[in-house]
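In what follows, chains carry the letters A, B, and so on, assigned in the order in which the sequence lines appear, proteins first and then strands, with residues in each chain numbered from 1. Below, each value reflects all heavy atoms present in this structure, side chains not excepted, and no hydrogens, waters or symmetry copies. Being a predicted model, the structure only gives us computed values, none of them experimental.
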Protein chains: 2
Amino acid sequence: MKGHQVTIIDIAKKLGISKSTVSRALTNNPNVNPETRKAVLEMAKTLDYQPNMLALGLIKNETRMLGVIIPDIQKPFFAAIVSGIQHAVGRMGYRTIIAQSDESPQIEKENIQALMLSRVDGFLICHTRDTRNFDQIKLLYQKGFPLVSFARICQGLPIPKVVEDDFNGLYTTTQHLIERGRKRIALLAGPKHLQASKLRQQGYLSALRQNGIGFDNELVAHTRFLADDVAVAVNRWLALAEPPDAICTIYDGGAVQVMQLLKSRGVNVPGDIAVAGFGNDPASGLVEPGLTTFEQRPYEIGQAAGKHMLDILKKRFGDVPPEITISEGRLVVRGST
Amino acid sequence: MKGHQVTIIDIAKKLGISKSTVSRALTNNPNVNPETRKAVLEMAKTLDYQPNMLALGLIKNETRMLGVIIPDIQKPFFAAIVSGIQHAVGRMGYRTIIAQSDESPQIEKENIQALMLSRVDGFLICHTRDTRNFDQIKLLYQKGFPLVSFARICQGLPIPKVVEDDFNGLYTTTQHLIERGRKRIALLAGPKHLQASKLRQQGYLSALRQNGIGFDNELVAHTRFLADDVAVAVNRWLALAEPPDAICTIYDGGAVQVMQLLKSRGVNVPGDIAVAGFGNDPASGLVEPGLTTFEQRPYEIGQAAGKHMLDILKKRFGDVPPEITISEGRLVVRGST
DNA sequence: GTGAAAGCGCTAACAG
DNA sequence: CTGTTAGCGCTTTCAC
């Protein structure tokens with residue numbers, strides 16, 4: 001059982017002084033006799049005094065805790081982001097409470113609610129793939145909570161955002177495939193309403209257009225990032241009269257699955273069909289052939305998000321421009337193309 | 001800016017009653033007029049009242065926050081454990097504060113210190129690979145903090161522990177290699193002082209002994225789980241007059257590196273040398289040939305740890321047997337053997 | 001320099 | 001059933 005915790009009153013009693021003086025000594029208040037301070041500090045050490053952050057938080061109305069809302073910590077992408085956030089805000093003494101939504105908008109909502117009650121000092125949020133209703137985060141905004149949105153961002157709110165290099169990523173990758181002589185390039189996209197998916201698709205379309213390649217609606221498939229969706233898409237494409245000679249995807253996980261499916265069908269990669277991904281997940285370097293992919297640096301995304309949060313926290317009463325930070329990437333060419 | 005937060009006093013004033021009554025109404029205390037309660041609840045909703053957990057925590061001396069100390073959230077193993085913990089304790093309304101030590105005993109110590117100040121209700125701890133001094137966690141124990149140790153456990157403290165199937169894992173794997181006709185089986189181990197590494201090595205030795213295979217000290221290499229250590233070990237083994245015909249490792253990451261090194265040297269896997277891992281990390285299914293490995297279920301380890309924590313938290317004044325839970329595993333045979 | 005008192009938001013006796 | 005009082009641990013006026 002957690003026994004009685006040492007308080008400033010204990011120190012005060014032992015020293016025969018008032019708790020105010022102890023408080024002053026402990027908080028480096030100048031109005032305190034050096035001798036007294038010395039005695040207090042010593043006694044604090046002797047008694048192993050630990051300040052009670054709850055009491056402090058109650059007074060200052062802050063917890064030095066930040067809420068981090070993510071879909072799934074087991075995805076390397078989010079794990080790296082979390083790591084970046086922690087390292088960025090940890091320097092300033094902020095702790096992070098991680099809450100996973102498991103891609104459920106409902107759980108996301110509950111998590112935000114719960115962390116709001118816990119009085120976190122701010123939120124760093126990445127929405128689920130299915131979040132369409134942003135009332136919850138708008139409520140946070142109205143209440144004045146410091147907010148940063150990343151990866152799957154909430155538009156229309158004047159808050160800092162950090163996103164991946166969506167448009168450029170697919171533009172560059174598609175361009176690369178075209179340079180490799182591919183003519184019928186399929187796209188494995190994400191949910192239609194997701195901004196990141198939209199932008200990546202635009203990058204893909206833009207590259208096609210610039211190279212005078214006609215757009216074939218048959219060659220675009222929307223997924224919810226689920227394995228089943230990928231299988232359906234690949235089957236459909238392979239059954240086409242004129243199947244694709246390349247498949248680019250907006251996420252590495254999908255690309256890896258595509259490669260496995262093609263392999264099991266006896267389709268040669270990249271001989272028959274080239275495959276490209278997005279993200280440079282750890283998996284992309286392990287599969288064979290290695291996956292050509294547009295590298296993202298999720299750790300840096302996390303750091304950028306963390307820094308934005310610190311900015312807001314610092315100048316609480318100042319203006320923080322709701323700038324959107326795009327984390328640059330680069331094409332990593334491997335055997336799959 | 002976060003404006004004035006609504007308190008029970010605001011509700012009380014609006015309704016012209018005392019704050020005690022409001023408190024009672026809100027906490028489902030039976031001693032309150034149903035009509036009054038209704039009015040309070042309505043007003044609370046109207047004003048969008050949010051209870052202040054800090055004030056509550058101050059009184060009850062609890063935060064419903066748990067500290068989770070891990071080396072690195074970017075390792076799939078730890079990410080899965082964290083996920084398991086969160087899902088287990090989340091049901092009971094506990095939140096988790098994740099702190100990464102980055103494998104630094106010093107940072108581990110600081111993290112524990114910081115979370116202690118934040119008054120978390122308990123700790124779930126996995127030490128760094130280099131932690132040898134357990135004073136910090138012993139101090140926590142003395143102070144009466146609910147404690148659960150997992151994966152890299154702290155021995156000698158009567159607290160619940162959850163570990164992987166260390167001995168069996170390497171015993172089974174080694175046995176499997178012997179059945180495949182391998183005679184000179186090398187072992188890529190971890191730091192000598194790590195209990196998990198010791199047990200796995202014992203499993204390896206036990207299998208050799210039972211099959212009448214002599215132990216060759218040359219064939220055992222200790223690493224700090226670093227890539228450089230692995231390279232040194234592999235080089236040494238390949239330079240041997242009689243090189244190994246199999247390499248088993250106590251962690252998948254090492255096995256994957258071994259495979260890559262062997263491949264780059266033109267050594268055939270499993271033709272010349274078979275390779276086996278431990279953990280069944282996502283990577284083990286992606287490399288080629290697929291890595292034979294002893295599956296662990298880190299998510300379940302996390303769940304078990306979380307449940308132990310809830311047990312302690314529940315019967316704070318009762319006895320919680322410091323049982324050690326071994327999360328069972330099984331051999332997953334793939335192409336590498 | 002130091003002590004007494006008020007108060008952060010809330011619950012929990014204690015009186016009615 | 002409800003209001004008053006005290007107090008969780010601490011900081012911060014306000015006196016002296």
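- Checking side-chain atoms of A:Glu103 against main-chain N and O of A:Arg129 turns up a donor-acceptor pair under 3.5 Å.
- In this structure, the CD1 atom of A:Ile9 is 14 Å from the P atom of C:dA5, given to the nearest Å.
- A:Asn31 comes within 4.0 angstrom of a nucleotide base, judged by non-hydrogen atoms across all strands.
- Looking at A:Arg24, its side chain comes within 3.5 Å of the base of C:dG3 through a donor and an acceptor atom.
- At most 12 non-hydrogen atoms from other residues, nucleotides or ligands lie less than 6.0 angstrom from OH of A:Tyr141.
- Between A:Ser18 and B:Lys60, the residue whose closest nucleotide on DNA chain C is further toward the 5' end is A:Ser18.
- For C:dC8, neither phosphate oxygen OP1 nor OP2 lies less than 4.0 angstrom from any side-chain nitrogen or oxygen of B:Thr7.
- In the 5' to 3' direction, nucleotides of DNA chain D lying under 4.0 Å from heavy atoms of chain A begin and end at D:dG9 to D:dT13.
- A:Lys19 comes within 4.0 angstrom of a base, heavy atoms only.
- In this structure, A:Leu58 atom CG and C:dC8 atom P are separated by 9 Å, rounded to whole Å.
- In the model, B:His87 has no side-chain atom that pairs as donor or acceptor with a side-chain atom of B:Gln303 under 3.5 Å.
- In terms of polar N and O atoms assigned as donor or acceptor, the side chain of A:Ser20 comes within less than 3.5 Å of the base of C:dA4 in a complementary pairing.
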